[in-house]
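In what follows, a structure is listed as structure tokens, so that the remarks can point back to it.
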Amino acid sequence: MKILDFDLEGSHFIIEADISPRQEADDMECQWLRYDFDNTQVYKETDGVVSPFQITAVAWAGYQLTADHALKDVIGRISRNETGKLTVHYVCPELQEFFDELKKYPAISGERTIPYFIFHGGDIAKLAYATNEFLYYEDSNYMPLMFRTVDGTLVSDNEFADMGLYESEENVENGTEHILPFTDYGSDAESACDLEDEEDLEI
């Protein structure tokens with residue numbers, strides 16, 4: 001069934017998948033992710049014709065990207081309220097339920113609400129440092145993820161994010177960037193939802 005319908009970088013895509021309730025949901029500390037998404041298929045619409053989309057991209061680490069990677073990528077973009085390259089037309093109720101949970105924790109309110117928790121690569125990350133230029137989230141392995149503040153687009157999710165954080169801290173000291181205060185939900189939210197032990201969204 002259709003789970004997502006969106007425009008990305010000027011092209012129209014549809015993602016379909018089989019949806020099933022997570023069998024282990026009752027045992028999970030966090031109830032945010034309640035469904036599995038299997039047999040993922042990506043389609044592209046061109047001139048009114050919808051056809052399977054062949055993914056040819058390769059990740060920076062060298063492995064071939066799949067439809068499951070594409071789904072995780074779009075879920076991540078929606079979770080961080082990205083506005084730069086993405087326009088969402090439809091989200092299935094099972095995913096919308098997940099996004100609604102994340103929306104309960106806004107970190108910075110403004111023209112674009114910046115969330116405290118985001119989904120990235122099968123993991124939940126939390127906002128750790130924010131400037132007028134860049135946002136730095138921390139995943140469950142305490143590794144930084146770097147995004148643009150203005151639109152939420154990804155800058156780096158590898159070692160370059162470490163370098164970016166160091167440069168932002170230096171820029172704050174010399175006045176070329178300034179810190180954005182944000183709501184830190186910290187241990188209260190983590191006690192209600194044990195994020196570090198959260199299992200990957202199986203898609």
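Note on Tyr137: it clusters hydrophobically with Leu102, by side-chain heavy-atom contacts below 4.5 Å among ILVMFWY residues. Under the 4.5 Å side-chain heavy-atom criterion for ILVMFWY residues, a single connected hydrophobic cluster contains both Leu65 and Leu8. Val42 and Val49 are assigned to two separate hydrophobic clusters, defined by single-linkage of ILVMFWY side chains at heavy-atom distances under 4.5 Å. Hydrophobic clustering places Phe147 together with Tyr105 (ILVMFWY residues linked when any side-chain heavy atoms are closer than 4.5 Å, directly or through intermediates). In the hydrophobic clustering of this structure, Leu154 does not group with Met146; members are Ile, Leu, Val, Met, Phe, Trp, Tyr whose side-chain heavy atoms approach within less than 4.5 Å, directly or through other members.
Salt bridge status for Asp68 with Lys72: absent, with no side-chain N to carboxylate O gap under 4.0 Å.
Glu16 places a side-chain heavy atom less than 4.5 Å from the side chain of Tyr43. The shortest distance between side-chain heavy atoms of His12 and Thr46 does not fall below 4.5 Å. Counting heavy atoms from C-beta on, the side chains of Lys126 and Ile124 never come closer than 4.5 Å. You'll find the side chain of Glu97 stays beyond 4.5 Å of the side chain of Asp100, heavy atoms only. Side-chain contact between Pro115 and Phe182 is absent, with no heavy atoms from C-beta onward closer than 4.5 Å. You'll find the side chain of Tyr116 stays beyond 4.5 Å of the side chain of Thr183, heavy atoms only. By the 4.5 Å heavy-atom criterion applied to side chains, Phe134 and Leu165 are not counted as neighbours. Between Phe37 and Ile19, the closest side-chain pair of non-hydrogen atoms falls below 4.5 Å.
Interatomic distance, Asp18 CG to Ile3 CD1, rounded to the nearest 0.5 Å: 9.5 Å. Atoms CZ and CG, from Arg148 and Leu135 in turn, are 11.0 Å apart once rounded to the nearest 0.5 Å. A distance of 12.0 Å separates CD of Glu94 from CZ of Phe99, quoted to the nearest 0.5 Å. The structure places CG of Asp73 at 8.0 Å from CD of Glu82, a figure rounded to the nearest 0.5 Å. With values rounded to the nearest 0.5 angstrom, Phe98 atom CZ is found 10.5 Å from Ile78 atom CD1. Expressed to the nearest 0.5 Å, how far CG of Asp157 lies from CE of Met143 amounts to 10.0 Å.
Put simply, the side chain of Asp151 gets close to the backbone of Thr153: a donor and an acceptor are under 3.5 Å apart. Asp139 contributes a side-chain N or O that, together with a main-chain N or O of Tyr142, makes up a donor-acceptor pair within less than 3.5 Å. With hydrogens and angles ignored, the 3.5 Å screen pairs a side-chain donor or acceptor of Gln64 with a backbone N or O of Ile55. Ser156 places a side-chain N or O within donor-acceptor distance of the main-chain N or O of Ala161, the cut-off being under 3.5 Å. Between the Asn171 side chain and the Thr176 main chain, no donor and acceptor come within less than 3.5 Å of each other. Remark: side-chain polar atoms of Glu138 are not paired, donor with acceptor, to backbone N or O of Leu127 under 3.5 angstrom. At least one donor-acceptor pair closer than 3.5 Å links the side chain of Arg80 to the backbone N or O of Gly152.
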Residue pair His69, Tyr63: steps toward the side chain to side chain contact (heavy atoms under 4.5 Å, CB included) verdict: CA-CA 11 Å; His69 291 113; Tyr63 56 84; 3.7 Å; yes
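Annotation for Glu159: atom CD counts as buried by contact number, over 12 foreign heavy atoms lying within 6.0 Å. For Tyr166, the OH atom sits in a loose shell: 12 or fewer heavy atoms of surrounding residues, nucleotides or ligands are nearer than 6.0 Å.
Judged purely by distance below 3.5 Å, without hydrogens or angles, the side chains of Asn81 and Thr113 never pair a donor atom with an acceptor atom. With 3.5 Å as the limit, one finds a donor-acceptor pair spanning the side chains of Ser168 and Tyr136.
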